[in-house]
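In what follows, a structure is listed as C-alpha cells, so that the remarks can point back to it.
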Amino acid sequence: MGKLYERIDGRLRTFIEEQPVFFTATAPLSGDGHVNLSPKGRAGTLVVIDEQRLAYLDFGGSGAETIAHLRENGRITLMWCAFSGPPSIVRIHGEGEAVFRDDPRWPELIGLFGTADGPGARAIILVRARRIADVCGYAVPFMDYRGERTLHADHLARKTDEEFAEYCEKKEHIATSLDGLPALPLPLPARTV
C-alpha cells in the first residue's frame, strides 16, 4: 500500500506544505541514549527547498536534542499525517544539519521563511532526503484544525535578542543534550538578519 518516491514534488509536496503539524525523530548513536520525537507547528516554519531538501526553523523554548543528535550523526526522520482529507502518512528519512546564526548560509536560508521567521529562531534544520515514502494512514483519526496557538511566538517576541541569548544560556539541556552530547553552541550568536 505504501510507495517510494525519488523526489518531493507534485502531490507529495502539496501534501507536506498543507499540513499544520509534522513530527521529527532523531537518536544518538549510543544504544542507551534517548530517542527524541518532537511535534513541530507554527505556519510557514517548514519549507520545501527543492526536490530533495527541506528546512524548518528551530526555536527556543525546549531542549536541543535534535541539534545534538544531528551534530553527532546527522540522522533524522520527518513525518506528516493527514488528519483531514484522504488518509496518508508521509515519512522522509534523511541527513540533517543545524545551520546556526553565524553560518554564512543563514541569511539566504532564513529568507526562505518570510514572515514566519521571528524572535527565538536559534537554528535552521536543513534536511536532505535519502528515503521518501508514504503509507495508507487508515488508522490516523480525523481531527479538526482550529488555528495556530500564538503563545510561543508571543512569549519569544517579548524578548530582545540579548534577552533570548540569556534565556538560552540559563536553560538546562541546551548546550548539551540529555545524554551529554554537544548541542546548541553558546553563547548564542547575535542575529545579523
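- In this structure, Gln52 and Asp50 approach most closely via the heavy-atom pair N-OD1, 2.9 Å.
- Residues Leu29 and Leu178 are members of separate hydrophobic clusters, defined by side-chain heavy-atom contacts under 4.5 angstrom among Ile, Leu, Val, Met, Phe, Trp and Tyr.
- No donor-acceptor distance shorter than 3.5 angstrom exists from the side chain of Glu166 to the backbone of Glu163, with no hydrogens or angles considered.
- Atom CH2 of residue Trp80 and atom CG of residue Leu46 lie 6.0 Å apart, to the nearest 0.5 angstrom.
- Residues Cys168 and Leu186 meet the side-chain proximity criterion, which asks for heavy atoms closer than 4.5 Å.
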Could you go through the side chain to side chain contact (heavy atoms under 4.5 Å, CB included) check for Leu54 and Ile8 one step at a time?
CA-CA 9 Å; Leu54 307 97; Ile8 307 163; 3.5 Å; yes
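- Considering OH of Tyr5 and CD of Glu51, their distance stands at 14.0 Å, rounded to 0.5 Å.
- Applying the side chain to side chain donor-acceptor pair (under 3.5 Å) test to pairs two or more places apart or on separate chains, those with a residue in residues 175-187 are His34-Asp179.
- Salt bridge Glu95/Arg75: absent, no basic N to carboxylate O contact under 4.0 Å.
- Partner Asp58 forms a side chain to side chain contact (heavy atoms under 4.5 Å, CB included) with one of Val99, Ile125, Thr24, Thr45 and no other, that one being Ile125.
- Surrounding CZ of Phe142 are at most 12 heavy atoms belonging to other residues, nucleotides or ligands under 6.0 Å away.
- Taking each heavy atom of Pro185 and Pro189 in turn, the nearest pair found is O-CD, 4.4 Å.
- Considering Thr66, Thr77, Val35 as possible partners of Thr26, the one that fulfils the side chain to side chain contact (heavy atoms under 4.5 Å, CB included) test is Thr66.
- Interatomic distance, CG of Leu181 versus CG of Leu70, reported as 11.0 Å (0.5 Å rounding).
- The residues Arg149 and Asp154 are annotated as not salt-bridged, no charged nitrogen and carboxylate oxygen being separated by less than 4.0 angstrom.
- Phe59 carries Arg42 over the face of its six-membered ring, with the cationic atom under 6.0 Å from the centre and within 45° of the normal.
- Looking only at side-chain heavy atoms (C-beta outward), Glu169 and Pro187 come within less than 4.5 Å of each other.
- Aromatic ring centroids of Tyr56 and Phe113 lie 6.0 Å or more apart.
- Hydrophobic clustering places Leu78 together with Phe15 (ILVMFWY residues linked when any side-chain heavy atoms are closer than 4.5 Å, directly or through intermediates).
- Of all non-hydrogen atoms in Ala25 and Leu37, the two that sit nearest each other are CB-CD1, 4.1 Å.
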Would Arg13 and Ile16 count as a side chain to side chain contact (heavy atoms under 4.5 Å, CB included) here? Give the steps.
CA-CA 5 Å; Arg13 181 178 183 147; Ile16 288 170; 5.8 Å; no
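- In this structure, the side chain of Glu97 does not engage the main chain of Arg71 through any donor-acceptor pair within 3.5 Å.
- Between Arg11 and Asp134 there is a salt bridge, since a side-chain N of the basic residue sits under 4.0 Å from a carboxylate O of the acidic one.
- One finds the CD atom of Glu108 at 10.5 Å from the CG atom of Asp103 (value rounded to the nearest 0.5 Å).
- With hydrogens and angles disregarded, no donor-acceptor distance shorter than 3.5 Å links the side chain of Arg7 to the backbone of Ile132.
- The backbone N or O of Arg128 lies less than 3.5 Å from no partner atom in the side chain of Arg53, so there is not a single donor-acceptor pair.
- Using a cutoff of 4.0 Å between basic side-chain nitrogens and carboxylate oxygens, Arg191 and Asp117 are scored as salt-bridged.
- Interatomic distance, CZ of Phe100 versus CH2 of Trp106, reported as 10.0 Å (0.5 Å rounding).
- Glu17 CD: more than 12 foreign heavy atoms inside a 6.0 Å radius.
- The heavy-atom pair separating Ala116 from Ala43 by the smallest distance is CB-O, 3.6 Å.
- Proximity of Val90 to Met79: side-chain heavy atoms (C-beta onward) are nowhere separated by under 4.5 Å.
- Minimum interatomic distance between Ile92 and Ala129 (heavy atoms only, all atoms of both residues): CG2-CB, 3.6 Å.
- The shortest distance between side-chain heavy atoms of Ile124 and Ile110 falls below 4.5 Å.
- Across Ala123 and Ile67, no two heavy atoms sit closer than the pair CB-CD1, 4.1 Å.
- Side-chain contact between Leu126 and Ile49: present, with at least one pair of heavy atoms (C-beta onward) separated by less than 4.5 Å.
- The distance from the CG atom of Leu57 to the CG atom of Leu109 is 10.0 Å, given to the nearest 0.5 Å.
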